[in-house]
Amino acid sequence: MRSALKFVTVFFFAAVTAAGAQNAVRFDSSAKVFRLDGGDVSYAFGINDRNELQPLYWGSRLGAADSFPPAHTNEGNASFDMSTSATPQEFAGWGAGLQLEPALKITFPDGNRDLVLHYVSHRIEGNTLSIRLKDVEREVFVELRYEIDPATGILGRSAKIENKTAAALMIEQAAAATWTLPHGTNYTLDSLTGRWAGEDQLQQEAMHQGQRVLESRRGSTGHQNDPWFAIERAHTNDQDAGDVWFGALAWSGSWRITVEQDLLNQVRVTGGYNPFDFGYKLNPGESLATPVFYGGYSSHGIGEASRLLHRFELAQILPQRPNPHPRPVIYNSWEATEFNVTESGQETLAEKAASIGVERFVVDDGWFGQRKDDHAGLGDWYVNQQKFPNGLKPLIDKVHSLGMDFGLWVEPEMVNPNSDLYRKHPDWVLNFAGRPRTEGRNQLVLNLARPDVRAYVFGFLDKLLSENDIAFLKWDYNRNWSEPGWPAVASDEQKQVYVKYVDNLYGILRELREKHPKVEIESCSGGGGRVDLGILRYTDEVWPSDNTDPFDRLTIQDGFTYAYTPEVMMAWVTETPSGPNYAPLSLQYRFLSSMQGGLGVGSNLNHWQAEDFATAKHLIDEYKQIRETVQHGSLYRLVSPRNGSEQSVTESVSSDRNQAAVFASLHSSQFGYPYPLLYLRGLDPKAQYKLHWITAKPGGDLPETATGAFWMNSGLQLNLMGDFQAAAFRLDRVAP
Ligand code: GLA
């Protein structure tokens, strides 16, 4: 018996030529092994003796001429652990004694629920491999797609299920992919959990036999789990050491990632549509495509894993890929004025915002319909006459005259029962006929799966963008689903809402961007309730949390950057004391927390004194000098704010290593211990870097100029003392 994923002895085949080795995707037809190479990663799987796709290798890049022996099924070691479960598969149907998580589960109209998928054919095109599988008996086909990113080695995997039988069938579970790690017992699972105002808390737990499920059953991504995982082998506290496998599911609806360590200590990760309440009826001739599940590997720890993801998101995911614009500095008065937006009030704030260097002025909730609070107006997307008697144009013109562009808040997928839209179309919301409709924040969810709702939402947004010079939409989504019924379609088609709703959301975003190519969009869902690689294909930034407490934000931002690039991480400077903790914090402290992502200001500028404007102007000027480095550079988490840590330090290094920006903060001092010594990372050791303080120098003697080697190795001492202190500096390469 042999375990196929045991680090397979790598055979050398002289026949593999150097020319062949340059292809990102190769098929060794004698051994029937596929191999994909990208970045520092190789990935291999074979067609085994049962004609199934069996994973062989996922890890550090192998020699160009290395190849694998054929894949062999594992016989299993007991009648209770049959070969089907003992042999890992790339994409397993539920059937033939599979006891582990299947990728696909189908019920046929005759009651048969057995599905066994075998290899039929494949196609290689550049960085893409497509493989066709078919059930051993029925005309059900699955097309698997693999696309490897040459720069990062991140692999995108998805599946398309086709019904070529003569009758409709019901898909009860459909994943994009199963990832298989080398078998072992020394794994740590990293995941992100949270809740409203407490998103992106990094959890690290030892893995044991059994399943650990990360999921959302809410109709959208959710605040509770991010569709992201990382699995570390032999976890260490050094962020830049060790083997890490990681993945992110690009889906903004209900989703599930099942991490499973089986009885042979084989670790598999299966992710896709959440099977809970799932049922997709597939008529003859129809197909269902899954979302893409991205996966990557780093031999330089979790720090490098997140840097790979950041690079990949910037170059391959975001709408402005491969070179997204850095985020402008924004002003938004939501926390200052809430629903009380008026033309004159916003103009006064716009003048003040422009004076400190803000580049984009955003009007939040309250500008439309009969919207005075959150009880009315959602759905009625006309400009409120009392607040803006001449429409939005005078304010937009004013904002432009101040040198800023203009952004607007919308919540297109929702309706208040107290709205003209709901009075006219009560059937447009998600509901089960005759049942109560549960409200959240006094609102219901429009069923975007309906063609008429899709047309309405696209129509009003298109009109708004056509009639007004709007550069930016903050697209909000402030509740989760309840009663997810769709009475207008047949009962066995209603559950398609889980797929069709999100497909239509993506479709609207895509068409709006095509028609209005200059408009940028933020994904917000009461903070970070809809952040994933699916929505990030269509949105330029996200609102990570409604919690703008700058100390809480350090932990949220720390977790956020495990999965997402700081480019998309908007962070506002807001009032003090305020927020969930009511902590009085200096303006400088608040700025330094927010300057680690896309910077915004959300304070009530009418309450500021002259010195506040001076501090803000200075720090916004400084931010513009480092923004490219912070948003597009390599992030090193030098000291984590998690687990009761009293400090937090991040360092960002520009991709050309010409600049580094360092943010250091101290929660509180105790017993007079010194601040931890800082060892910077990622600099060019031979180059000379000049120190520039962004804040006042906090004490501690640092040289004015030194080599990268000095900054990385000497141990830098900052003398931060007291409660909620913070300092920041940058290094600029001066030679060579
Ligand atoms: C949500 C958002 C906030 C704000 C309000 C407006 O809570 O997360 O930033 O836009 O809605 O109602």
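Numbering of ligands and ligand atoms starts at 1, following listing order. Scope of the values below: all heavy atoms of this structure, side chains included, with no hydrogens, waters or symmetry mates.
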**Asked** Got a sec, which residues hit ring-ring contact (aromatic ring centres under 6.0 Å, His included) with Y564, two or more places apart in sequence or on another chain?
**Response** F560

**Request:** Evaluate the side chain to side chain donor-acceptor pair (under 3.5 Å) criterion for residues T555 and Q201: first the C-alpha distance (whole Å), next the side-chain angles of each, then the deciding distance (0.1 Å), finally the verdict.
**Result:** CA-CA 7 Å; T555 306; Q201 306 297 306; 5.5 Å; no

**Prompt:** Taking any residue with a non-hydrogen atom under 4.0 angstrom from an atom of ligand 1, which ones do you get?
**Reply:** W334, D364, D365, W409, R441, K474, D476, N478, C524, G526, G527, W543, D546

Residues 410-418, side-chain donor-acceptor partners within the protein, below 3.5 Å, at least two apart:
from, atom 1, to, atom 2, distance (Å)
E411, OE1, N478, ND2, 3.3
E411, OE2, Q443, NE2, 2.7
E411, OE2, N478, N, 2.6
E413, OE1, Y501, OH, 2.8
E413, OE1, R530, NH1, 3.0
E413, OE2, W475, NE1, 2.7
E413, OE2, R530, NH2, 2.7
N416, OD1, R371, NH1, 3.1
N416, OD1, G377, N, 3.3
N416, OD1, L378, N, 2.8
N416, ND2, D374, O, 3.3
N416, ND2, N442, O, 2.7
N418, OD1, R423, NH1, 3.0

**Message:** Can you confirm if the aromatic rings of W481 and Y498 lie within a centre distance of less than 6.0 Å?
**Reply:** yes

**Item:** Any residue meeting side-chain hydrogen bond (donor to acceptor under 3.5 Å, both in side chains) with Y273, in chain and number order, not counting sequence neighbours
**Value:** none

**Prompt:** Do L592 and S665 come close enough that some side-chain heavy atom pair is under 4.5 Å?
**Reply:** no

